[in-house]
Protein chains: 2
Amino acid sequence: MPQRRGRPGYDQEQVIAAAVDLFNRHGYDATSMGMLAERLGISKSAIYHHVPGKEQLLEHALDRALLELEGVLTHPAAQERSVDQRLEYVLRATVGVLIDELPNVTLLLRLRGNTPLERRALDRRRAFDHEVAALVEASAEAGALRGDLQPRVVTRLVFGMINSIIEWYRPDGPLRREEIADSVVAIAFDGLRSRPA
Amino acid sequence: MPQRRGRPGYDQEQVIAAAVDLFNRHGYDATSMGMLAERLGISKSAIYHHVPGKEQLLEHALDRALLELEGVLTHPAAQERSVDQRLEYVLRATVGVLIDELPNVTLLLRLRGNTPLERRALDRRRAFDHEVAALVEASAEAGALRGDLQPRVVTRLVFGMINSIIEWYRPDGPLRREEIADSVVAIAFDGLRSRPA
DNA sequence: GTCTATACTAAGATAGAC
DNA sequence: GTCTATCTTAGTATAGAC
């Protein structure tokens with residue numbers, strides 16, 4: 001990586017990274033190519049040298065996020081062990097993906113489905129959700145989960161808890177991946193109440 | 001309410017309700033006054049007879065949502081009882097507000113802070129969050145919560161779980177307010193694990 | 001209470017020079 | 001790889017008639 005002088009000379013990855021950051025700060029629709037140009041210190045039209053258009057910036061980030069999430073379910077550990085161990089693995093691994101791919105996953109979780117591209121991404125996300133719900137259902141049937149809660153509601157609340165991480169996790173903050181995953185698993189399986197050993 | 005004939009003849013409340021619905025479907029920025037006009041079956045300019053502009057449509061909804069949330073903390077039940085009863089009350093009441101004010105709260109929880117109006121609303125929301133975090137902290141100090149979790153992380157995860165309700169609750173669905181509040185309280189305090197009585 | 005017509009602004013994107 | 005200049009479209013909002 002030789003030191004550059006003069007003009008910035010961005011490559012595609014840098015342009016995309018800056019765009020994703022702005023999309024997350026202001027929302028996709030509220031982010032203009034002018035804002036991105038200003039952030040990079042180049043003109044609007046220079047951006048079109050690197051990417052075909054605004055939508056491809058979004059597409060790249062969503063595809064990355066979805067590939068990582070889908071990888072959680074295809075990972076060997078999500079298939080081999082007992083059903084409740086699988087569930088714990090999927091919870092922990094999903095937390096890991098959220099944290100490692102924070103900007104990309106954040107974009108995914110905020111989609112509204114306004115365009116065909118967004119709707120395709122939401123379809124893939126729904127497929128992930130359905131597989132997870134099936135896993136919770138299997139755990140319930142195997143007797144690993146208490147019987148007074150509906151598996152579908154449980155799935156939504158627990159993954160709502162996990163997904164909320166994107167709202168407050170900061171990579172430069174004091175919390176590490178494992179601490180957060182431990183807290184999620186602790187609350188999800190055993191709750192907050194202090195109880196005698 | 002006499003039957004109207006001919007032109008729709010909307011009042012301000014109806015215009016705002018339609019706008020909030022569209023804002024939630026497509027996002028505030030992605031919703032144009034043209035879309036709102038089309039939805040109402042009137043022209044764009046007719047909307048300006050009812051409201052000063054697009055931003056006031058948002059303002060009305062945010063103010064309503066914040067007043068209801070703030071009401072949870074000023075309600076007598078949130079102040080009188082023991083500290084862990086207060087916490088359970090606040091969880092249940094917050095679920096209630098989310099469900100009763102679903103469209104308005106949804107808008108609030110999706111804000112990005114792009115304008116002074118949005119930033120003022122986010123400030124009020126943060127004040128609510130801080131009061132809740134203090135309540136969780138007080139519960140922990142009183143020994144009501146297990147000691148191996150950080151109160152701040154607990155607060156964020158539990159309210160992340162509650163806030164996720166806006167992503168999937170449908171008023172015409174099979175679940176009632178109390179069922180959801182029960183599930184939230186059950187998971188938050190006791191977790192999913194099946195355990196011998 | 002709603003209309004048509006229009007002013008004004010900003011957006012995404014392209015052409016061609018350097 | 002970036003620039004200036006420009007095109008096209010779409011947005012919020014206003015003026016004034018009905």
Side-chain angles (χ1 to χ4, degrees), chain A residues 1-62 107 111-112 114-118, chain B residues 1-62 107 111-112 114-118:
Chain A
M1 287 245 174
Q3 266 293 353
R4 289 185 147 279
R5 68 176 76 174
R7 290 179 176 173
Y10 293 104
D11 64 13
Q12 201 195 48
E13 279 300 313
Q14 293 171 296
V15 172
I16 290 172
V20 169
D21 181 60
L22 288 176
F23 291 163
N24 281 325
R25 278 182 208 280
H26 310 112
Y28 175 74
D29 292 294
T31 304
S32 70
M33 296 299 261
M35 291 163 69
L36 177 56
E38 200 175 348
R39 154 77 166 265
L40 293 169
I42 61 178
S43 69
K44 273 197 296 182
S45 55
I47 297 168
Y48 290 88
H49 175 76
H50 300 284
V51 286
K54 186 181 175 184
E55 197 168 40
Q56 282 72 25
L57 292 164
L58 179 63
E59 185 170 24
H60 185 277
L62 295 179
L107 273 181
L111 285 187
R112 301 307 311 146
N114 288 327
T115 64
L117 168 71
E118 293 188 18
Chain B
M1 288 239 178
Q3 266 292 353
R4 289 185 147 278
R5 70 175 75 172
R7 290 179 178 175
Y10 293 104
D11 64 12
Q12 201 195 47
E13 280 299 315
Q14 294 172 295
V15 173
I16 291 172
V20 169
D21 182 61
L22 288 176
F23 292 163
N24 280 325
R25 278 181 208 278
H26 310 113
Y28 175 73
D29 292 294
T31 304
S32 71
M33 297 298 260
M35 290 164 70
L36 177 56
E38 198 174 348
R39 153 78 166 264
L40 293 169
I42 61 179
S43 70
K44 278 194 287 183
S45 56
I47 297 169
Y48 291 87
H49 175 75
H50 300 285
V51 285
K54 185 181 175 183
E55 195 167 41
Q56 282 72 24
L57 293 164
L58 179 63
E59 185 170 24
H60 185 278
L62 295 179
L107 227 36
L111 284 187
R112 301 308 312 145
N114 289 327
T115 64
L117 168 72
E118 293 187 20

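Chain letters run A, B, ... following the sequence lines, proteins first, then strands; residues in each count from 1. No hydrogens, no waters, no symmetry mates; every other heavy atom, side chains included, goes into these values.
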[N] [atom2] sits how many Å from [X] [atom1], rounded?
{"X": "D29(B)", "N": "dT9(C)", "atom1": "CG", "atom2": "P", "result": "20 Å"}
{"X": "E55(A)", "N": "dG12(C)", "atom1": "CD", "atom2": "P", "result": "12 Å"}
{"X": "H26(A)", "N": "dA11(C)", "atom1": "NE2", "atom2": "P", "result": "13 Å"}
{"X": "L57(A)", "N": "dG12(C)", "atom1": "CG", "atom2": "P", "result": "10 Å"}
{"X": "L36(B)", "N": "dT2(C)", "atom1": "CG", "atom2": "C1'", "result": "14 Å"}
{"X": "Q14(A)", "N": "dG1(D)", "atom1": "CD", "atom2": "P", "result": "10 Å"}
{"X": "K54(B)", "N": "dA10(D)", "atom1": "NZ", "atom2": "P", "result": "15 Å"}
{"X": "I47(A)", "N": "dC3(D)", "atom1": "CD1", "atom2": "C1'", "result": "13 Å"}

Ignoring hydrogens and angles, answer whether the base of dT2(D) and the side-chain atoms of S45(A) contain a donor-acceptor pair closer than 3.5 Å.
->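 Counting by modelled atom types and ignoring angles, no donor-acceptor contact under 3.5 Å is found here.
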Counting side-chain heavy atoms from C-beta on, which of [options] comes nearest to [X]?
{"X": "M33(A)", "options": "dG12(C), dA13(D), dG1(C)", "result": "dG12(C)"}
{"X": "S43(A)", "options": "dC3(C), dT2(D), dA13(D)", "result": "dT2(D)"}
{"X": "Y48(B)", "options": "dG12(C), dT14(D), dT4(C)", "result": "dT14(D)"}
{"X": "H50(B)", "options": "dT2(D), dT14(C), dG1(C)", "result": "dG1(C)"}
{"X": "K44(A)", "options": "dT2(D), dG12(C), dT12(D)", "result": "dG12(C)"}

Any side-chain heavy atom of [X] within less than 4.5 Å of one from [Y]?
{"X": "T115(A)", "Y": "L58(A)", "result": "no"}
{"X": "L107(B)", "Y": "L111(B)", "result": "no"}
{"X": "F23(A)", "Y": "K54(A)", "result": "yes"}

When all nucleic acid strands are considered with a 4.0 Å heavy-atom cut-off, which category describes S32(A): base, sugar-phosphate, or nothing?
->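 Here S32(A) touches the backbone only, sparing every base.
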H50(A) NE2 to Q56(A) CD distance, which is reported to the nearest 0.5 Å | 14.5 Å
May I ask you to verify if any side-chain N or O of H49(B) is less than 4.0 angstrom from the OP1 or OP2 atom of dG1(C)?
-> yes
Using a strict 4.0 Å threshold on nitrogen-to-oxygen distance, state whether R39(A) and D21(A) make a salt bridge.
-> yes
